[in-house]
There are 2 protein chains.
Amino acid sequence: MEFESPKMSRLPTIRRLPAYLRVLRQLQGEAWEHVSGTYLAEQLSLDPVQVRKDLTITGIVGTPRVGFMVDDTVAAIEAFLGWQNATEAFLVGVGNLGTALLGYAGFERHGLKIVAAFDADPAKIDVEIHGKPVYPLEKIADLAARLRVRMGILTVPEIAAQAVADRLVVAGITAIWNFTPVALKTPGGVVVQNEDLSCGLAVLSAKLRNADGS
Amino acid sequence: MEFESPKMSRLPTIRRLPAYLRVLRQLQGEAWEHVSGTYLAEQLSLDPVQVRKDLTITGIVGTPRVGFMVDDTVAAIEAFLGWQNATEAFLVGVGNLGTALLGYAGFERHGLKIVAAFDADPAKIDVEIHGKPVYPLEKIADLAARLRVRMGILTVPEIAAQAVADRLVVAGITAIWNFTPVALKTPGGVVVQNEDLSCGLAVLSAKLRNADGS
DNA sequence: TCAATATCGATATTTTTTTATCTATTATAG
DNA sequence: CTATAATAGATAAAAAAATATCGATATTGA
């Protein structure tokens with residue numbers, strides 16, 4: 001017999017949780033008490049069975065003929081993702097994309113708080129961008145240790161990606177949100193989430209070519 | 001017996017194609033003639049069998065003991081994705097993220113050319129951002145028809161997402177790259193690719209919580 | 001109280017994706 | 001010219017995910 005690990009992978013499920021959360025928060029604003037999986041499914045163009053199955057990963061249970069308690073479900077998803085209290089993060093690479101992410105207020109609703117940014121370009125140092133201070137790369141290790149920051153957001157040019165990632169790892173960063181297209185090599189124990197825009201563009205291109213190509 | 005459609009879905013495969021392309025282009029720069037699936041797999045931390053299987057979707061064939069012709073493989077992937085000649089696109093919503101995307105030069109290597117931007121805010125109209133003109137939303141339909149643009153990049157605030165998407169569809173746009181977290185309702189025949197950052201953040205959060213939580 | 005219905009949760013089935021195994025081919029070395 | 005090793009490609013197996021089915025339960029209205 002095999003013990004059930006409290007959480008197997010279920011990556012597709014995890015990717016859908018923020019969508020549930022978004023709808024649920026809106027319902028909170030409208031003072032709903034309960035919501036059915038069927039309703040969530042309709043809002044998100046998903047299958048009701050899939051919604052219910054996804055929600056089980058958080059441990060929440062619904063009641064027949066009633067649905068799920070809205071507040072409890074929000075709490076369960078947030079707890080599952082660790083979004084109740086914000087994770088502090090560094091952002092490295094204050095280019096177009098890095099600047100945009102620094103200015104995105106929505107992260108705070110997603111348990112993420114960017115506390116400092118870093119860049120190799122001296123011209124960008126010591127100015128604040130969207131209220132966040134920008135430091136030279138050399139300060140990463142020192143600040144990471146002092147502020148106990150463990151997450152890094154990587155928005156540097158492709159050519160610098162691996163070197164900066166190495167620097168983050170040395171500084172004790174254990175989670176990297178990688179916006180470069182580079183497949184980073186990191187030691188075990190460091191988790192990396194790749195966010196390569198070209199993947200999505202490829203899917204869209206393929207769909208488009210297939211939709212009108214034939 | 002069942003006919004093989006020339007391309008079944010194979011979405012995960014399609015998402016990996018840009019990564020192969022990136023490595024292959026680098027090899028082109030170093031004047032490699034051939035490359036083995038094994039080498040590509042190493043570079044991208046993938047399984048060699050998966051690489052070979054993925055590449056078959058493009059129709060490219062390799063030769064034993066040699067591998068794949070680099071130039072031919074690049075051409076095959078680009079042809080499969082329709083990236084040989086650029087698709088022209090509109091971008092709607094010139095906020096932080098929209099501005100960043102307007103400034104991203106890499107799209108041109110991915111068969112995408114943003115030809116115009118749109119925004120609801122009068123203060124943003126009639127200025128160029130990263131060399132791209134910004135027009136009011138009202139001009140979408142007219143310009144889409146005249147320039148025969150079929151792809152729209154959606155970077156508006158969540159609250160405006162569905163309305164703007166509707167406007168794009170009316171204007172004849174058939175492909176929407178959706179950077180809002182909204183599950184858009186669109187008529188059949190319109191392809192939508194969602195690029196919700198919070199999905200990736202959720203995965204990273206779950207991995208992180210799981211890595212040190214236990 | 002009782003029947004009807006909406007809804008959850010569990011189980012089963014199908015589909016998709018990944019991984020493994022095996023065979024055939026071809027460049028290279030002897 | 002032959003043996004060997006690296007590699008593609010096909011087939012099969014395993015794992016993961018999506019989808020369907022069914023029984024149980026709680027609310028509603030008669």
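Computed from a predicted structure; not experimentally measured. Labels below follow one simple rule: chain letters A, B, ... track the order of the sequence lines, proteins then strands, and each chain is numbered from 1.
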- Apply salt bridge (Lys or Arg N to Asp or Glu O under 4.0 Å) to B/Arg22 and list each qualifying residue two or more places apart in sequence or on a separate chain. A/Glu158
Tell me which donor-acceptor pairs under 3.5 Å the side chains of residues 191-199 of chain B have, and how far apart each pair is, sequence neighbours excluded?
| unit_1 | atom_1 | unit_2 | atom_2 | d |
| --- | --- | --- | --- | --- |
| B/Gln193 | OE1 | A/Lys207 | NZ | 3.4 |
| B/Asn194 | OD1 | B/Asn178 | ND2 | 2.8 |
| B/Glu195 | OE1 | B/Trp177 | NE1 | 2.7 |
| B/Asp196 | OD1 | B/Ser198 | N | 3.0 |
| B/Asp196 | OD1 | B/Ser198 | OG | 2.8 |
| B/Asp196 | OD2 | B/Ser198 | OG | 3.1 |

- Query: When you measure from every atom of DNA chain C, which of residues 23-37 of chain B have a heavy atom less than 4.0 Å away?
  - Reply: none
- State which residues pass side chain to side chain contact (heavy atoms under 4.5 Å, CB included) with A/Ala120; sequence neighbours excluded, sorted by chain then number. A/Leu137
- Do B/Arg16 and B/Val51 come within less than 4.5 Å of each other through their side chains, counting heavy atoms only? no
- Just wondering, do B/Thr155 and B/Ile153 contact through their side chains at under 4.5 Å, heavy atoms? yes
Which pairs of donor and acceptor atoms, one on a side chain in residues 104-117 of chain B, lie under 3.5 Å apart (sequence neighbours left out)?
| unit_1 | atom_1 | unit_2 | atom_2 | d |
| --- | --- | --- | --- | --- |
| B/His110 | ND1 | B/Gly106 | O | 2.8 |

- Quickly work out the A/Arg10 CZ to C/dT17 C1' distance and round it to whole Å. 16 Å
- Message: Rounded to whole Å, please give me the gap between CZ in B/Arg16 and C1' in C/dT16.
- Response: 12 Å
- Would you say B/Lys139 has more than 12 foreign heavy atoms packed within less than 6.0 Å of its NZ? no
- Item | Distance in Å, B/Gln162 CD paired with B/Ile159 CD1, rounded so as to fall on 0.5 Å steps | 11.5 Å
Using residues 69-79 of chain B as the side-chain source, report each donor-acceptor pair under 3.5 Å to any protein atom, sequence neighbours left out, with the distance given to one decimal.
| unit_1 | atom_1 | unit_2 | atom_2 | d |
| --- | --- | --- | --- | --- |
| B/Asp71 | OD1 | B/Gln28 | NE2 | 2.9 |
| B/Thr73 | OG1 | B/Met69 | O | 2.6 |
| B/Glu78 | OE2 | B/Arg25 | NH2 | 2.5 |

- Which pairs with one or both residues in residues 42-77 of chain A pass ring-ring contact (aromatic ring centres under 6.0 Å, His included), sequence neighbours excluded? none
- What residue pairs, at least two apart or across chains, pass ring-ring contact (aromatic ring centres under 6.0 Å, His included) with a residue in residues 11-34 of chain B? B/Trp32-B/Tyr39
- Covered region of DNA chain D, 5' end to 3' end, by chain B [heavy atoms, under 4.0 Å]: D/dA5 to D/dG9
- Task: Using a heavy-atom cut-off of under 4.0 Å over every strand shown, decide if B/Arg15 touches base, sugar-phosphate, or nothing.
- Result: nothing
- Message: Counting primed atoms plus P, OP1 and OP2 as sugar-phosphate and everything else as base, spell out the protein contacts along nucleotides 24-30 of chain C at 4.0 Å heavy-atom distance: B, S or - for each nucleotide, 5' to 3'.
- Response: -BBS---
- Task: Pull out every residue in residues 41-56 of chain B that has a heavy atom closer than 4.0 Å to any atom of DNA chain D, ordered by number, or say none.
- Result: B/Arg52
- Task: Please identify each residue that fulfils ring-ring contact (aromatic ring centres under 6.0 Å, His included) with A/Phe118, with sequence neighbours left out.
- Result: A/Phe90, A/Tyr135
- Query: Any chance the side chains of B/Asp54 and B/Gln50 put a donor and an acceptor closer than 3.5 Å?
  - Reply: no
